[in-house]
Protein chains: 2
Amino acid sequence: MNAPHEETNTAPLSPGQTAELADMFRLMGDASRLRIVLACLDGPVAVGDIAARLGLSPSLVSHHLRLLRAGRILKATREGKQVFYAAADAHISRVVADMVAHVGETLRDGEIP
Amino acid sequence: MNAPHEETNTAPLSPGQTAELADMFRLMGDASRLRIVLACLDGPVAVGDIAARLGLSPSLVSHHLRLLRAGRILKATREGKQVFYAAADAHISRVVADMVAHVGETLRDGEIP
DNA sequence: TTAACAATTGAACAACTATTCATGTGTTAG
DNA sequence: CTAACACATGAATAGTTGTTCAATTGTTAA
């Protein structure tokens, strides 16, 4: 699929891909939204449960969910009165989980230069 | 009811870690800044070269570089008149490259390159 | 039907941010 | 020394955005 030899080169991303990537990052660049995404990684969660679990108003959660849905990061599934949100697809959930795992290792421990 | 899946669950991040992660995402959530980071992944690049290569004003690039430096994503090295920027450490460059690679696979429908 | 519940939506506002322009700082060449 | 170069910085501004509140839509139970 890819070039046989790969170095630590700059990822050859097209301008469109770069913009798309930046969009994805921006969506998770907000703490509330990131927490919402993380809460949805395990499996489908209802809006009310997300709000209660994170201590946010249902309205705010819904606003954020709309953005995350528009960004193809989460998908919605209605079931009765409730609407469940989960990762849009397996790729997304894997990418996000991976980013979190890697950055979790990298996070600084209050080191002051 | 939900069918339990055996999936990589969400990494249990502390609130502080979550905020830090969101901060890192926010830094790369801007297209200009993301391109600057990508341009620095290969190795040390001078500010002027970044600006010329990306078609941005040196002033703007410098402003962004300050944020990226404050966010421990890039580090600066002075050499004569020029200042070279590169990934703050190996971890960062690996994390970023990995995210880019993954999202590169995930990206959908094509745009004009 | 009515009533309660779950979620969405719109408006309005404060806070933040990306960009530009002008100026300032440090460095090397002449 | 001065002048030119490379970058940084401060202010000012236009655009964006996260949050709250009130009202609305959709769904189920009584």
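The shown structure was predicted, so the numbers you read here are calculated from the model rather than taken from an experiment. Throughout, protein chains are lettered first and strands after them, A, B, ... in sequence-line order, and every chain is numbered starting at 1.
Dashed line: the shortest gap from a side-chain N or O of B:H63 to OP1 or OP2 of C:dT20 is not under 4.0 Å. Not one side-chain nitrogen or oxygen of B:R26 sits closer than 4.0 Å to the OP1 or OP2 atom of D:dT17. Distances shown here put every side-chain N or O of A:S57 at or beyond 4.0 Å from the OP1 or OP2 atom of D:dC21. The phosphate of C:dA7 has neither OP1 nor OP2 within less than 4.0 Å of any side-chain N or O from A:R78.
Rounding to whole angstrom units, CD of residue B:E79 and P of D:dA6 are separated by 15 Å. Computed from coordinates, the A:L60 CG to D:dA22 C1' distance equals 15 Å when rounded to whole Å. Residue B:D23 contributes atom CG, which lies 13 Å from atom P of C:dC16 at whole-angstrom precision. Rounded to whole Å, atom C1' of D:dC5 lies 14 Å from atom CG of B:D49. Between B:L56 atom CG and C:dC21 atom P there is a gap of 14 Å when expressed in whole angstrom units. At whole-Å resolution of the value, CG in A:L27 and C1' in D:dG18 are 13 Å apart. The distance from atom CD1 of B:I36 to atom P of D:dA8 is 11 Å, rounded to the nearest whole Å. Rounded to whole Å, the distance from CZ on A:R66 to C1' on C:dA7 is 13 Å.
Using a 4.5 Å cut-off between side-chain heavy atoms of Ile, Leu, Val, Met, Phe, Trp and Tyr, with links allowed through other members, B:F84 and B:V45 fall into different hydrophobic clusters.
Under the side chain to side chain contact (heavy atoms under 4.5 Å, CB included) rule, B:Y85 has a single partner from B:L65, B:L68, B:I73, which is B:L65.
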Q: Kindly determine whether A:D30 and A:H64 satisfy side chain to side chain contact (heavy atoms under 4.5 Å, CB included), including the steps that lead there.
A: CA-CA 10 Å; A:D30 176 74; A:H64 283 314; 3.8 Å; yes
Q: Carefully, step by step, assess A:R72 and A:I92 under the rule side chain to side chain contact (heavy atoms under 4.5 Å, CB included).
A: CA-CA 9 Å; A:R72 328 281 176 181; A:I92 285 288; 6.0 Å; no
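Positionally, the nearest nucleotide of DNA chain D for B:A76 lies more toward the 5' end than for the other of B:A76 and A:G80.
Closest contact between the side chain of A:L65 and the listed nucleotides D:dA8, C:dA18, C:dT8 involves C:dT8. Checked against D:dG18, C:dT9, C:dA18, the side chain of A:D30 finds its nearest nucleotide in D:dG18. When distances are taken from the side chain of B:V83 to each of D:dG18, D:dC7, C:dT19, the shortest belongs to D:dC7.
Without hydrogens or angle criteria, B:R33 side chain to B:R26 main chain gives a donor-acceptor distance under 3.5 Å.
Nucleic acid contact class of A:Y85 (heavy atoms, under 4.0 Å, all strands): sugar-phosphate only.
For A:S59 against D:dC21, a side-chain-to-base donor-acceptor contact under 3.5 Å is present.
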